[in-house]
Amino acid sequence: MRMILFFDLPVGTSSQRRRYRKFVNGLKHEGFLMLQESVYCKLAITLASAKFVEARIKRIMPDDGKVFLIKITEKQFGDMTILLGENKSEIINTDERYIEI
């Protein structure tokens, strides 16, 4: 099974940024890999090991943040669709206005 962790932590002050870095380093120490910013993933062999990791996450979690942790099967994780957009390099830096229909 896969454990997917989403978090939202405040980073307004230097102490909040320090707690953020400490939490992210703790996630990496627990074996989580970053899927994208603030979304991490970890493989758990059994439900018991997932609960063990969850308890460890609770210990390193800052008090003033939100952390969501879900567990999904390998099949569900494998069925994940990854959508990638194209980079838009068109830069409009004129003062002309037009409507294209």
Practice item. Run the numbers on Asp64 and Gln16 for side-chain contact (heavy atoms from CB on, under 4.5 Å), then give the verdict. Key: CA-CA 9 Å; Asp64 53 351; Gln16 289 173 335; 3.7 Å; yes
Please determine whether residues [X] and [Y] belong to a single hydrophobic cluster, defined as Ile, Leu, Val, Met, Phe, Trp and Tyr linked transitively by side-chain heavy-atom distances below 4.5 Å.
X: Ile72; Y: Phe32; result: no
X: Val67; Y: Val24; result: yes
X: Leu9; Y: Val39; result: no
X: Phe77; Y: Val53; result: no

Value rounded to 0.5 Å, distance of [atom1] in [X] from [atom2] in [Y]:
X: Leu69; Y: Met3; atom1: CG; atom2: CE; answer: 4.0 Å
X: Ile4; Y: Gln76; atom1: CD1; atom2: CD; answer: 9.0 Å
X: Leu5; Y: Tyr40; atom1: CG; atom2: OH; answer: 9.5 Å
X: Ile70; Y: Met1; atom1: CD1; atom2: CE; answer: 12.0 Å
X: Leu84; Y: Glu86; atom1: CG; atom2: CD; answer: 10.5 Å
X: Glu74; Y: Leu43; atom1: CD; atom2: CG; answer: 5.5 Å

Review point. Are the aromatic rings of Tyr20 and Phe7 close, with centres under 6.0 Å apart?
Key: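 When the ring centroids of Tyr20 and Phe7 are compared, they turn out to be within the sub-6.0 Å range.
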**Study point:** Whether Lys42 side chain and Glu30 backbone form a donor-acceptor pair below 3.5 Å
**Key:**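 Indeed, once roles are kept as given, a pair shorter than 3.5 Å links the two residues.
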Practice item. State whether the number of non-hydrogen atoms from other residues, nucleotides or ligands found under 6.0 Å of Phe6 atom CZ is greater than 12. Key: yes
Practice item. Check Ala50 against Ala44 and note the closest heavy-atom contact, atom names and distance. Key: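 Of all heavy-atom pairs spanning Ala50 and Ala44, the closest is CB-CB, 4.0 Å.
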Review point. Is any side-chain heavy atom of Lys71 less than 4.5 Å from a side-chain heavy atom of Leu47?
Key: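 Yes, close enough: below the 4.5 Å cut-off.
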